[in-house]
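Each remark here refers to the structure printed beneath this line.
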Protein chains: 2
Amino acid sequence: MSSGAPATDLDPGEAARQTLAQRRSEQLLSAAAQLMERDGSQSVSMHAVAEEAGVSVGLIYRYFGGKHDLLLAVIVNVLDAFGRQVPAAIQAAGADPVTRLAAAFRAYCEVIDSHRHAAVLTHRESKSLSDEGLETIKRLEVETSEPLRTVIREGIDAGVLTPVDVDLVAYDLLLLAQAWPLKHWYFERTLGFEDYVRRQTALALAALLQPHRRRSYRHLLEAAG
Amino acid sequence: MSSGAPATDLDPGEAARQTLAQRRSEQLLSAAAQLMERDGSQSVSMHAVAEEAGVSVGLIYRYFGGKHDLLLAVIVNVLDAFGRQVPAAIQAAGADPVTRLAAAFRAYCEVIDSHRHAAVLTHRESKSLSDEGLETIKRLEVETSEPLRTVIREGIDAGVLTPVDVDLVAYDLLLLAQAWPLKHWYFERTLGFEDYVRRQTALALAALLQPHRRRSYRHLLEAAG
DNA sequence: CGCTAGGATGAATGTCTGTTCACTAACAGC
DNA sequence: GCTGTTAGTGAACAGACATTCATCCTAGCG
């Protein structure tokens, strides 16, 4: 988010102030996120955030306009992580469309796992957000789901995947990724992150792969632990 | 929920009181649900519920212990609907395991569609519920997902479905059903209830059906509108 | 008609929470 | 050291909210 290289060097004072501001922002964002994860997003009060971050209430208002701004920033933070990590993972996966798809799904799951409070994403309540904030989130979510849609489209064009409804499949995959932190609602049995990703990938590919290409991806389809 | 036939006839006064209590409960529950659907579950205040129901605030406390009790009752109400409607739909679908599975999924979607409000609430409010309330919900949810698991198991035993992880597949299907009210976050394009159910069913069956049985269920697999 | 029990009311109460602001602390440049 | 600017504090305020309770109906009964 460093807003481009400045034409002239910043004087040290200005630089110091900027890094301080950034440190504070991150500190507050992280405190809010931690609180959301621990006690549920309901009970994130400004006092609680301040205490968690070890600062005073008033300070939050120096860095964020208010509670809405703070919550919006937390969400945008997560969505930014998608925008950075998912394309990188796809790139690193090579040229094969199916491998790229699997890598993309895994990347989504990983981001969500490292931001478990992303349960908020499912819980976007229009009431607690401003209209612009809502629009921002909506736009960012569509943006961050674009890589997934592209990869699926690639697979269909290459004749490896059956010609499914791209939007719907992308929607479903995102849903399964976001549902990883909720699993303990239905499973008593322990299901680790690795198993979860592998099995969901196998299920998804079973639905998407052209029948005559299934043999080539047997290693992805056989996920039974 | 009529608690069994009484050994002796109730005197009219007692009966009238009971129906009044029941009417009031339903009236308040319905008011709360309607409010949640209209303005989001955030803004369900006791005053708002009272106004919506056309009664005074104090009256709510005659029928429910407090706000938590009321919300819990709303959730339990929805879960009860699952417990009633899903098994009925499966029963009505006949003997074929795949048809039964499709009917079960559709029934889940239908219940969620007619109770859009509380679907999300369940997981969202989890931190603000009492421990017993949480346990109740958790138990009810596992219970209401049991028919789905049974149907999937039937299909596997009959050799029509591939031997997948039953719990995981049931989890995924429930998720897709619950995600129906959230769809407009990702789709600009309008996707009606019928199309949603048909396409999701087709995707799921593509993942689950044994390859050599796919021909028999072509009508369910071809869902392109 | 009067009496009573339980249904129903809604102003009052206390708590919680977002926000403000008068104030202090640290620190830069002179 | 003085001074002005910025970071930081936290008590105080205001609004919203769940909950209570003294009070008012009203239906049933003798």
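Only this structure's heavy atoms are used, side chains among them; waters, hydrogens and symmetry mates stay out. Just so it is clear: chains get the letters A, B, ... in the order the sequence lines come, proteins before strands, and each one is counted from 1.
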Gap between atoms [atom1] and [atom2], on [X] and [N] respectively (whole Å):
| X | N | atom1 | atom2 | value |
| --- | --- | --- | --- | --- |
| B/L70 | D/dT19 | CG | C1' | 14 Å |
| A/R62 | C/dA25 | CZ | P | 16 Å |
| B/L28 | C/dT9 | CG | P | 10 Å |
| B/L59 | D/dC21 | CG | C1' | 15 Å |

ask   = the helix from C/dC1-D/dG30 to C/dC30-D/dG1: angle between its terminal axes, five pairs each, to 10°?
value = 10°
ask   = Where along nucleotides 15-23 of chain C does protein come under 4.0 Å, by heavy atom, of base (B) or sugar-phosphate alone (S), with - for untouched nucleotides?
value = --SBBB---
ask   = Does a nitrogen or oxygen in the side chain of B/S56 sit under 4.0 Å from OP1 or OP2 of C/dG10?
value = no
inquiry  = I want to check one thing: is the phosphate of C/dA8, taken as OP1 and OP2, less than 4.0 Å away from some side-chain N or O of B/R24?
reply    = yes
ask   = So, does A/Y196 use its side chain to make a donor-acceptor pair with the main chain of A/A177 at under 3.5 Å?
value = no
message = Can you confirm whether B/E141 sits close enough to B/F82 that some side-chain heavy atom of one is under 4.5 Å from a side-chain heavy atom of the other?
response = no
inquiry  = Less than 4.5 Å apart, side chain to side chain, heavy atoms only: is that true for A/P97 and A/V151?
reply    = no
ask   = Does a side chain donor of either A/D172 or B/Q200 reach within less than 3.5 Å of an acceptor in the other side chain?
value = yes
inquiry  = When you compare the side chains of A/R149 and A/S145, does any donor N or O come within less than 3.5 Å of an acceptor on the partner?
reply    = yes
Sidechain N-carboxylate O distance under 4.0 Å for B/R139, B/E143 = yes
Cationic N near anionic O, under 4.0 Å, A/R106 to A/E194 = yes
ask   = Checking all strands, does B/Y63 fall into the base, sugar-phosphate, or nothing category for heavy-atom contacts under 4.0 angstrom?
value = sugar-phosphate
query = Hey, is CD on A/E146 packed in by over 12 heavy atoms from elsewhere, all under 6.0 Å?
reply = yes
